[in-house]
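Structure first, commentary second.
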Amino acid sequence: MGFVLIIVLVVVISLIFLAISLKQPQKKLINTELETFIQSSLKYTTNCYESPEKRNNLKDLIVSCNSGRKCLNNKTACSILNETISDMMKKSWSIGSINSYNLKIYSESNRTLVQARYGNCSGTKTGASVMILGGIREEIEVCK
Amino acid sequence: MMLQKRGAKYGKLYFCREIWCFKMKAQLKIHQMAFMIMAVFIFFILAGLFYLVIYMQDLKKEVNIEEKNRATEMAGFLASSAEFSCGDYCIDGDRAMILGNRTVFQKLWQVSSIEIRTVYPSNNTEILCTISNYPYCNLIKIYSNKKGGESTASSFVSLCHRVNENDYIYFQCEVAKLIIGYKTQA
């Protein structure tokens, strides 16, 4: 009888502890890696010369692509942007550590300017979106 | 006859007197209680140990998370510090090369190591930056005090350096990773 009483007492105490520990708010894990990737990649100096003394960074190149401009080497800004983004994504994200990625740049009118994607998502998906200029925005999704 | 009947309950002590039988019963009760107290005591000790192990594991996890957070914050702090920064998420590579190896800065960083690794455009082979090969390299070591058992936290930054091209000086930027090493609890 005494033993049963003790067991009941212990169970009640452990249930109280469990309830208290479950009530504690869970810590939010915020992944800012993707956002910092977009922000830092926008400063990347591309091969598109706007003039002999001005070399476009990625942000300028996106704006040029949106306006349908060309670079000094007569290539369209969009084609250089496409090449740069694809190459950058391949080299920046080591494929072993992620399943897939999908990067899209949208114009003000929601038209897709550039898209770079790899693989199919089969894990946890995280993403980030950054407004570049006006209504132009860049979105990235990575699956780990 | 009455005595014999009572003694019969205890097998061998068939011929016990009433007082002896009562003594035996009391001794058995004391033994039972002692074993019970021992069992309860051991149970509580085991439960306490179990709780302690779980609590210690959580504590180690929390320490590691805190260390990682500190390292990530350090990455953000370094990228925005006046000594190295050239804007948001931007590190001036020229300044990092000159200021990085100064011992006065080493006291500031409460981490094991600080490195900047170029990820795009970059070769697969690692080329450590020195004064003689900079900027044709992909790894700048700002500070290193590795003693083993470290983990790393990284953050993307743009690594910029001044370039003189056709008498025009401009900032050329690359995508890099700021890698902070920190100690972890095993």
Side-chain angles (χ1 to χ4, degrees), chain A residues 1-7 9-11 13-14 17-18 21 24 26-47 49-61 72 83-94 97 116 128 130 140 142, chain B residues 32-33 35-37 39-41 43-44 46-48 50-51 54-55 58 61-62 65-66 68-69 72-73 75-76 79-80 86-91 116-124 138 153-161 163 165-178:
Chain A
M1 184 66 191
F3 185 69
V4 173
L5 200 76
I6 286 163
I7 295 293
L9 202 73
V10 169
V11 167
I13 289 168
S14 54
F17 270 111
L18 197 74
S21 61
Q24 282 176 349
Q26 286 190 333
K27 287 170 190 170
K28 281 185 183 175
L29 293 171
I30 302 162
N31 185 359
T32 53
E33 194 180 19
L34 297 172
E35 202 182 316
T36 54
F37 171 73
I38 294 178
Q39 294 285 5
S40 53
S41 67
L42 289 175
K43 290 190 176 69
Y44 171 70
T45 312
T46 66
N47 292 324
Y49 286 82
E50 199 174 290
S51 60
E53 71 274 17
K54 190 175 186 298
R55 219 170 138 178
N56 276 336
N57 60 26
L58 198 71
K59 189 178 176 180
D60 299 331
L61 193 66
L72 273 189
E83 284 168 23
T84 311
I85 290 281
S86 305
D87 205 23
M88 185 186 282
M89 288 300 289
K90 268 181 211 163
K91 288 186 177 166
S92 300
W93 296 96
S94 49
S97 63
V130 170
I140 186 169
V142 166
Chain B
Q32 269 183 353
M33 201 173 72
F35 278 119
M36 194 63 211
I37 288 168
V40 169
F41 187 68
F43 173 77
F44 273 106
L46 285 175
F50 183 69
Y51 175 75
I54 290 172
Y55 178 75
D58 280 355
K61 269 185 201 168
E62 275 180 29
I65 289 168
E66 282 303 315
K68 188 172 185 178
N69 284 346
T72 314
E73 276 170 22
S80 59
C86 52
D88 292 339
Y89 308 100
C90 177
I91 287 183
I116 306 166
R117 196 182 296 264
T118 311
V119 289
Y120 181 76
S122 178
N123 297 328
N124 288 331
N138 55 20
S154 62
S155 175
F156 282 101
V157 288
S158 51
L159 180 66
C160 302
H161 62 269
V163 172
E165 198 175 78
N166 304 324
D167 292 334
Y168 294 112
I169 296 171
Y170 65 91
F171 253 125
Q172 185 172 331
C173 299
E174 296 161 345
V175 181
K177 262 189 169 182
L178 182 62

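Note that the structure is a prediction, hence the values are computed from the model and not measured.
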* Asked: Are any side-chain N or O atoms of B/Lys177 and backbone N or O atoms of A/Ser92, one a donor and one an acceptor, separated by less than 3.5 Å?
  -> no
* Is chain A contacted by the side chain of B/Phe44, its backbone, both, or neither, given a heavy-atom distance below 4.5 Å? -> side chain
* Side chain to side chain, A/Thr84 and B/Tyr120, heavy atoms closer than 4.5 Å -> yes
* Structure fact -> In terms of heavy-atom contacts, A/Lys91 and B/Val119 come closest through CB-O, 3.7 Å
* **Interface moiety of B/Tyr89 toward chain A, non-hydrogen atoms closer than 4.5 Å** => both
* Rounded to the nearest 0.5 Å, what separation is found between the OG atom of B/Ser155 and the CD atom of A/Glu35? -> 10.5 Å
* Nearest non-hydrogen partners of A/Arg55 and B/Tyr170, listed with the distance -> NH1-OH, 2.8 Å
* Structure fact -> Residues passing the side-chain hydrogen bond (donor to acceptor under 3.5 Å, both in side chains) test with B/Tyr51, sequence neighbours excluded, are none
* With the side chain counted from C-beta on, respond yes when B/Asp88 and A/Lys43 share a heavy-atom pair under 4.5 Å apart, and no when they do not. => yes
* Engaged part of A/Asn57 at the chain B interface, taking heavy atoms whose separation is under 4.5 Å -> neither
* Asked: Between B/Ser158, B/Gly87, B/Ala176, B/Cys173, which has the largest tally of heavy atom pairs under 4.5 Å with chain A?
  -> B/Cys173
